[in-house]
Amino acid sequence: MDVKQAIRQRRAFRSLEPVEISKELVQDLAESAQLAPSCFNNQPWRFIFVYAPDKLETIFSAMSKGNTWVQNASMIIAVFSNKDLDCMIRGREYYLFDTGMATAFVMLRATELGLVAHPIAGYKEDAVKEILGIPEEMKVITLVIVGKHSETIGALLTEKQVESEKTRPERLPLGEFVYMNGFGQQLT
Ligand SMILES: Cc1cc2nc3c(=O)[nH]c(=O)nc-3n(C[C@H](O)[C@H](O)[C@H](O)COP(=O)(O)O)c2cc1C
């Protein structure tokens, strides 16, 4: 699979079935994050790969309403960082950007391996930190929900979520976010 195929194939599916998680898989995904670019090579990202069944079960309790589908995850990757781990250049903080890029690399590699890697923001951050022992000063930026895509629509999905299993949520046309040679000059 080439990069373009992985970009196209990646989807935030919510109908998941179990998949075996091995240490080799964790290592493979971690190595993909390791090679991401970062400001001054600061590598501000931190990941906890959670796949022990009892730990997973506890994290499920920290989900927001609307994310009950997460209960079918085989692994949850907690992604966290802190602004002091990366550049701040004239008020521009780079830790979220760099951690996001590393996370995207993990997600694309997971896609290539035939997995769903679905980032979410709907969780109780304090509870996640407590369960995983993440230091107070860290920000839990996302949880990436990993599993195998199930062709059977998950019973825990809302009507809207069922819809986005079938059809990829609509994107802005290029004309709304791409400019040529200066702001306002749209791509035609
Ligand atoms: C930062 C972020 C937060 C998200 N939070 C949630 C969430 O809490 N629950 C959920 O079901 N999906 C969540 N998503 C997934 C998006 O809804 C999904 O990526 C978007 O609808 C586009 O669908 P696609 O990724 O399949 O193309 C999140 C995605 C991102 C990047």
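For ligands, and for the atoms within them, numbers begin at 1 and follow the listed sequence.
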> Among Arg10, Arg14, Arg11, whose heavy atom sits nearest atom 26 (O) of ligand 1?
Replying inline: Arg11
Residue and atom name of the nearest protein heavy atom (relative to [atom]), distance in Å to one decimal:
atom                    : result
atom 15 (C) of ligand 1 : His118 NE2, 3.3 Å
atom 20 (C) of ligand 1 : Pro169 CG, 4.4 Å
atom 14 (N) of ligand 1 : Pro119 O, 3.2 Å
atom 22 (C) of ligand 1 : Arg171 NH1, 3.4 Å
atom 5 (N) of ligand 1  : Ala121 N, 3.0 Å
atom 9 (N) of ligand 1  : Asn67 OD1, 2.8 Å
atom 6 (C) of ligand 1  : Ile120 CA, 3.5 Å

>> Whether the Gln9 and Thr111 side chains hold a donor-acceptor pair (N or O, under 3.5 Å, no angle test) is what I'd like checked.
In response: no
>> Between Glu165 and Gln161, do the side chains contain a donor N or O and an acceptor N or O under 3.5 Å apart?
In response: no
> Does the N or O separation between Ala12 and ligand 1 drop below 3.5 Å for any pair?
Replying inline: yes
> Does Gly122 reach ligand 1 with a nitrogen or oxygen that is under 3.5 Å from one of the ligand's nitrogen or oxygen atoms?
Replying inline: yes
> Taking 4.0 angstrom as the limit, do Glu163 and Lys160 come out as a salt bridge?
Replying inline: no
> Near Trp69, which atoms of ligand 1 are under 4.0 Å from a heavy atom of that residue?
Replying inline: 10 (C), 11 (O)
> What residue pairs, at least two apart or across chains, pass side chain to side chain donor-acceptor pair (under 3.5 Å) with a residue in residues 60-70?
Replying inline: Asn67-Trp69
>> Using 30° and 60° as the class boundaries, would you call the ring planes of Tyr94 and Phe97 parallel, tilted or perpendicular?
In response: perpendicular
>> Is it the case that atom CD in Glu136 sees more than 12 heavy atoms from other parts of the structure closer than 6.0 Å?
In response: no
> Which pairs count as disulfide bond (SG atoms under 2.5 Å apart) when at least one residue sits in residues 81-181, sequence neighbours excluded?
Replying inline: Cys39-Cys87
>> Under 4.0 Å, heavy-atom basis, I'd like to know which part of Arg168 is in contact with ligand 1: side chain, backbone, both or neither.
In response: side chain
>> Taking Met138's backbone N and O only, do any of them form a donor-acceptor pair with Lys129's side chain (distance below 3.5 Å, no angle check)?
In response: yes
